[in-house]
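In this text, all values refer to a predicted model and were calculated from it rather than measured experimentally. Numbered from 1 within each chain, the chains take letters A, B, ... in sequence-line order.
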2 protein chains.
Amino acid sequence: MASEYPYKSKKVIPIGTVSELTGLTPRQIRYYEDRSLIYPERSEKGTRKYSFLDVETLVEIADHREEGVQTNEIRREMVKATRKANKEDIRKSMLRGQLNAHFRIRK
Amino acid sequence: MASEYPYKSKKVIPIGTVSELTGLTPRQIRYYEDRSLIYPERSEKGTRKYSFLDVETLVEIADHREEGVQTNEIRREMVKATRKANKEDIRKSMLRGQLNAHFRIRK
DNA sequence: CGTGTAAGGAATTCTGACACG
DNA sequence: CGTGTAAGGAATTCTGACACG
């Protein structure tokens, strides 16, 4: 489920590399986590690990910030976008369910 | 060209994480690099960075090693597999070239 | 609010070497 | 040949705080 890009969501990138990839400073990256915009995983000893998806999200955050959008507003937009995506997923899976029921398609 | 998996080849994973992902020790991972089985990138200060493709390769290496195959033999097999893949790429691109010439398809 | 920085400590990684076999 | 380990050093990351604004 939702594993179309197996490597995109795997959290394995350290903050220094994320910093290079995004152009953001580690300080900024940690702050956006503090504001609940991203959720890296932690290794046993506490170092943060990010996914490529996190990197993409951070780039979007950076774009919004450059336009002066505050982190609060960015969070609202992200939540909204997520809800929309989830609704579409539900719609699709319901459609699939109907089709399967109709045609008796084995998964 | 060959960028079907944009994130698969990007070298961003530190050796400790690769160790967890593969079950190999950092010592083993460095040794296989020494034997020219993998080629991580280096950060400015010298720390190794691996891609998910490297991780996959390392798992294959681990499988071969468990069967007692020596690194030399593993390297030969890998070179052979690479050559085969390249030949297929060339064949495909030539075929594409012919088709394009025949039907005047714009790229 | 968002970001920089100095501070002290902890965890990571690096290399070259010795060991075993 | 392939891998473990102790050694010393360098680079990375972490947190909490003060600063500016």
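Non-hydrogen atoms lying under 4.0 Å from DNA chain C are contributed by A:Lys45, all within residues 45-61 of chain A.
D:dA7: Watson-Crick or G-U partner is C:dT15, with both key distances under 3.5 Å.
The aromatic ring centroids of A:Tyr7 and B:Phe52 lie less than 6.0 Å from each other.
Contact between the side-chain N/O atoms of B:Tyr32 and the OP1/OP2 oxygens of D:dT3 is found at a separation under 4.0 Å. Put simply, B:Tyr31 has a side-chain N or O that comes within less than 4.0 Å of OP1 or OP2 on D:dG2. At D:dA6, none of the side-chain N or O atoms of B:Arg27 fall inside 4.0 Å of OP1 or OP2 (strictly under the cut-off). For the pair A:Arg65 and C:dT3, the criterion of a side-chain N or O lying under 4.0 Å from OP1 or OP2 is met.
Of the possible polar contacts, none joining the B:Thr17 side chain to the B:Ile13 backbone as a donor-acceptor pair under 3.5 Å is found. At least one donor-acceptor pair closer than 3.5 Å links the side chain of A:Lys11 to the backbone N or O of A:Tyr39. Side-chain atoms of B:Thr22 do not come within 3.5 Å of backbone N or O of B:Val59 as any donor-acceptor pair.
Heavy atoms of B:Pro26 sit nowhere under 4.0 angstrom from any nucleic acid atom. Nucleic acid contact class of B:Thr71 (heavy atoms, under 4.0 Å, all strands): sugar-phosphate only.
With no hydrogens or angles considered, a side-chain donor-acceptor pair links B:Arg75 and B:Asn72 at under 3.5 Å. For B:Asp54 and B:Thr57, the side-chain atoms include no donor-acceptor pair closer than 3.5 Å.
Ranking C:dT3, C:dG2, C:dT15 by closeness to the A:Arg35 side chain, first place goes to C:dG2. Among C:dT3, D:dG4, D:dC14, the nucleotide with an atom closest to any side-chain atom of A:Arg42 is D:dC14.
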